[in-house]
Amino acid sequence: MASRYDERSIRVLKGLEPVKERPGMYTRTDTPLHIIQEVIDNAADEALAGAASCITVTLHADKSVSVEDDGRGIPVGPHPEEKVPTVEVVFTRLHAGGKFDKKAGGAAYAFSGGLHGVGVSVTNALSKRLEVRVKREGALWSLAFEDGFTVEKLKKAGSVPARQTGTWVRAWPDAKYFDSDRIRRPELEHLLRAKAVLLPGLAMRLVDEATGESKEWKYEGGMAAYLQESLAGEEGVVSSIVVGQSYVAEGDAQFATGEGAAWALCWVEGGGGGESYVNLIPTVEGGTHESGLKSGVFESIREFCLHHELLTRGVNLQTEDVWKNLRFVLSARLLDPQFQGQTKAKLNSRDAVKLVASRLKDPLDAWLNQHVDEGRRIAELAIKAAVARQKAGKAAEKRRSSGVAVLPGKLTDCESEETGRNELFLVEGDSAGGSARQGRDRHFQAILPLRGKILNTFEVDPTQIYANNEVHDIAVALGIEPHALGDSAKALAGLRYGKVIIMADADVDGSHIQTLLLALFFRHFPGLLANGHVFVAQPPLYCVKVDAQGKSRPERRLYALDEAERDAILVKLADEKVRESAIHVGRFKGLGEMNPEELRETTMNPDTRRLLPLTVSAEVLADTHKVFALLMGKGEAASRRSWMEERGNLVEADI
C-alpha cells in the first residue's frame, strides 16, 4: 500500500527540534565534548574580549560538566525583539548570539570563535538538563532547562558585590545523542591548555570531582613557551623558535582592522606538524589559514635561498620541501571566518590564505636576515628534502617504458615530471579551457579541453575506443592503455599525473560529461578509480558580492556551491545587519563565464578549491557495475524508463 502524502505529511521543526532530529548536522556525536566546548568557547571569547581572566571546568561525578568564567555575564534583561530574558534567548534560539553584529564600536565581540550562533543552544538541545547562573549588576540570577525547554524561569537568586561578574553553566549531556557518554580527558585537557596558550595570562582550570584531581594551565610566555614545551627532548632541532604576530591596521583596503595572525615556528629534522586555531577555536583539520602559513614561509625561505645563492643548478624548491620539517603553532584572527561545518574543524575562508601569508612574510624575512646562520640551516634542510624528492621522481621516470607517444596538440602540459604531484584537468569547452590555462599553476597543472561530449564507451570494445578523438587524447595524455582491474599496477606504470580532475559546468550537460568520463574510467581504466587518481572539481554556482562598509569592512566576495550555501550566506549577512542594497548575488552560467582569477581561486588552487574524490572499493564493485549497465547500456532503455519513473523525483537537476 502506498504511503500517504498530503498536507499532513509536511512537518515543521521549531525551536531546537532540528538539532534533536539531526544532531550530526550541528555537532560531533561520538562524544559530548563538542557541546561542552561550545560553552568553553563562549567563556574564552570573554577572555579574548579582555573581560575574563579565569575559566574553571568541572567534571562532576554524575557525568555532568560545568564551566565558570569571570567575564561580564550574559545579559539578563528582556530581549528587545523576543520579549523574554536575553539569557533565555541565547540558550533556546538557534542563530542567536552576540557575535554577528561586528561593525566597529557596536559589537559585543570584535573577534570570536562562536561564530555560527547555534553553539550553546545546541548544548541545551542535547542535554537532559542545563542550569545557568549569571552574576551581573550586583545580583545572582539563575534559570534551568530540561530537554531544551525552560523549566525554571529566570529569577534573582541572591546578591553579589557590584564588581563581581561572570557566568556558570552546568550541562547533563543526554547519552542517547552520542556514541559514548564519556568525555575523553586527554582531548579536554588539550583544549583547555590550548586556550591558555593562545591567551597569555588566562588561567584555565580543570577539576575532576570523581578523582579529586585538579590541574591549571597558565602560559605567560604564550605560544613560544608551549612550542618549547612540546620540543622538550627532541633531537635534531635546527632553529630557535621564531615568534611573531601581525595584525591589520585601520584603513587597509583588503582586510578588516585587527585581522591577522600570531605564530611560533621551529624547524626539526625529525619531521613537521603543528596546531592551528582561528579566534581560539582549534582547527584540527587545518584549512586556508594553514595554507597561508605554508605559502608565506615558502616564499620567505625561497627568497632567502636566492639572495644567498644557496640553490645549486637543477634544484627546484617547492612548498612541501620547506613545510616538511616545520613545527608550528598558528593563531589566526578573522572577523568573519567561514568554517567547514558547525564543528569548525577546518577553515574555508579563502581570504585567509592571502591574509596569513602577507602578515607573516615580512616579519619572517626580517628574522632570517637577522639570524643568517640559522636561516642557512633551515634552507639546507629544505634543499636536502628537495633533492631527495627530485631523485625519487627521476627514479620513477626511468622505470617507464622507453616508447614515446606524441602528446595531443591541444594539451597544455605542466613543467614538472613528478607524477604524484602533477594534475590533469579535463575541462569542458575551449572557453573554460582558455581561462583554466591562464589560471593554472604551470609547474604542476596541465589542461586538456574537451570539445563536446565524448563517446559512451561502456559497451565499446577496448580495441575500438581510440576511434573517438577525445578518448584517444585523454588516454595518450594520461600515458596509459585500457586494462582490467587486476592489471592496474602494470597499466599505471606510465601514468603522467597523480590527479585526474574532471572540471565541467554545474548543469545537466556538465553532469552528462562527468558521467561519460566516469563510464570510460570505470570500464576501460579502472585502475585510476581503484587507486584514487580521479576527482571531480566543484566550481561554485553563485558569487555573493558584498560592498565595502566603512573603513573596517572592505569589499568581500563569497562563493556558494549551490542554492543552500547561497541561502546560508544571505542569512548570515542578514544577521550581520548588512543592508540588502549592498549585497549582489550573481550566478555563473558556466566555467567559461569565470575569469582566470575566479577560476583559480575557486576551482584550481589547492589551497582554496573543493575537490570530490571518486573511488570504487571491491565491496561495491558488482553493484556499481549494475548501475552503470542500467544507465549506460544500449539495451537497457526499458529498465531505465522504469527506474526513472520510480526514482526520477529524487533528481536535483539544473535544467
Side-chain angles (χ1 to χ4, degrees), residues 393 396-397 400 405 407-408 410-429 432-433 436-437 439-458 462 465-466 468-485 487-506 510-539 591 599-600 603-606 609-617 624 628:
E397 185 69 25
R400 293 180 179 178
L407 294 175
K410 60 184 179 179
L411 171 69
T412 303
D413 208 359
C414 54
E415 298 170 356
S416 171
E417 294 182 348
E418 295 178 62
T419 300
R421 187 165 187 260
N422 290 352
E423 301 176 348
L424 175 65
F425 285 84
L426 303 177
V427 185
E428 176 189 355
R437 288 190 189 96
R440 72 184 179 126
D441 184 324
R442 64 176 59 246
H443 182 71
F444 69 96
Q445 291 180 328
I447 308 297
L448 181 64
L450 303 177
R451 297 184 179 95
K453 296 177 181 178
I454 71 167
L455 178 70
N456 177 7
T457 60
F458 190 73
I465 63 172
Y466 289 161
N468 180 267
N469 289 333
E470 301 299 318
V471 173
H472 172 272
D473 290 349
I474 292 170
V476 173
L478 290 173
I480 60 176
E481 296 286 341
H483 59 271
L485 187 58
D487 300 326
S488 60
K490 181 180 178 181
L492 297 184
L495 184 64
R496 302 179 63 244
Y497 306 95
K499 284 188 174 71
V500 183
I501 302 172
I502 302 170
M503 192 160 72
D505 292 342
S511 297
H512 192 196
I513 289 172
Q514 287 180 16
T515 303
L516 291 169
L517 286 169
L518 292 176
L520 169 67
F521 295 150
F522 180 77
R523 176 69 177 82
H524 298 287
F525 307 115
L528 291 175
L529 286 165
N531 290 277
H533 293 294
V534 180
F535 299 80
V536 174
Q538 295 187 287
L591 294 169
L599 198 59
R600 176 174 59 249
T603 316
M604 302 188 72
N605 187 339
R609 71 190 180 190
R610 282 193 273 191
L611 288 182
L612 181 65
L614 295 178
T615 186
V616 179
S617 64
T624 305
F628 265 113

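Everything quoted here is computed from the prediction, not taken from an experiment.
- Between Leu518 and Ile502 the shortest side-chain heavy-atom distance falls below 4.5 Å.
- In this structure, the side chains of Asn468 and Thr457 stay at 4.5 Å or more apart for every pair of heavy atoms.
- Interatomic distance, Gln514 CD to Asp505 CG, rounded to the nearest 0.5 Å: 9.5 Å.
- Atoms CD1 and CZ, on Ile447 and Phe425 in that order, are 6.0 Å from each other to the nearest 0.5 Å.
- Atom CD1 of Ile474 and atom CG of Asn469 lie 11.0 Å apart (nearest 0.5 Å).
- Counting heavy atoms from C-beta on, the side chains of Val500 and Leu517 never come closer than 4.5 Å.
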- request: Any chance you could lay out the side-chain contact (heavy atoms from CB on, under 4.5 Å) test for Leu528 and Tyr497, step after step, and finish with the verdict?
  value: CA-CA 10 Å; Leu528 291 175; Tyr497 306 95; over 6 Å; no
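- Ring-plane geometry between Phe525 and His483 is classed as tilted, the angle between the planes lying from 30 to 60 degrees on a 0 to 90 degree scale.
- Side-chain contact between Leu495 and Leu478 is present, with at least one heavy-atom pair separated by less than 4.5 Å.
- A pairwise comparison of heavy atoms in Val427 and Ala432 identifies CG1-CB, 3.6 Å as the closest pair.
- Considering only heavy atoms from C-beta on, Arg440 comes within 4.5 Å of Thr412 through its side chain.
- Proximity of Pro606 to Gln445: side-chain heavy atoms (C-beta onward) are separated by under 4.5 Å at one or more points.
- Checked against Glu423 for a salt bridge (charged side-chain N to carboxylate O under 4.0 Å, His left out), the options Arg609, Arg442, Arg496 give a single hit: Arg609.
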Chi angles and distances behind the salt bridge (charged side-chain N to carboxylate O under 4.0 Å, His left out) call for Lys490, Glu481: CA-CA 10 Å; Lys490 181 180 178 181; Glu481 296 286 341; over 6 Å; no
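- Between Lys410 and Glu470 there is a side-chain heavy-atom pair separated by less than 4.5 Å.
- Remark: the backbone N or O of Gly498 is paired with a side-chain donor or acceptor of His533 at under 3.5 angstrom.
- Taking both residues in full, the closest heavy atoms of Leu424 and Ala477 are given as CD2-CB, 4.3 Å, listed atom of the first, atom of the second, then distance.
- The structure places CD of Glu428 at 8.5 Å from CG of Leu450, a figure rounded to the nearest 0.5 Å.
- Between Val536 and Leu614, some side-chain heavy-atom pair lies under the 4.5 Å cut-off.
- A pairwise comparison of heavy atoms in Ser416 and Asn422 identifies O-ND2, 3.0 Å as the closest pair.
- Looking at every heavy atom in both residues, Thr615 comes nearest to Ala530 through OG1-O, 3.9 Å.
- Counting all heavy atoms, side chain and backbone alike, Val476 lies closest to Pro408 at CG1-CD, 3.9 Å.
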field: Test side-chain contact (heavy atoms from CB on, under 4.5 Å) applied to Leu599 and Met503, step by step
entry: CA-CA 11 Å; Leu599 198 59; Met503 192 160 72; 4.2 Å; yes
query: Under the side-chain contact (heavy atoms from CB on, under 4.5 Å) criterion, do Ile513 and Leu426 qualify, and how do the steps go?
result: CA-CA 10 Å; Ile513 289 172; Leu426 303 177; over 6 Å; no
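- Taking all atoms of both residues into account, the shortest heavy-atom contact from Ala537 to Thr603 is CB-CG2, 3.7 Å.
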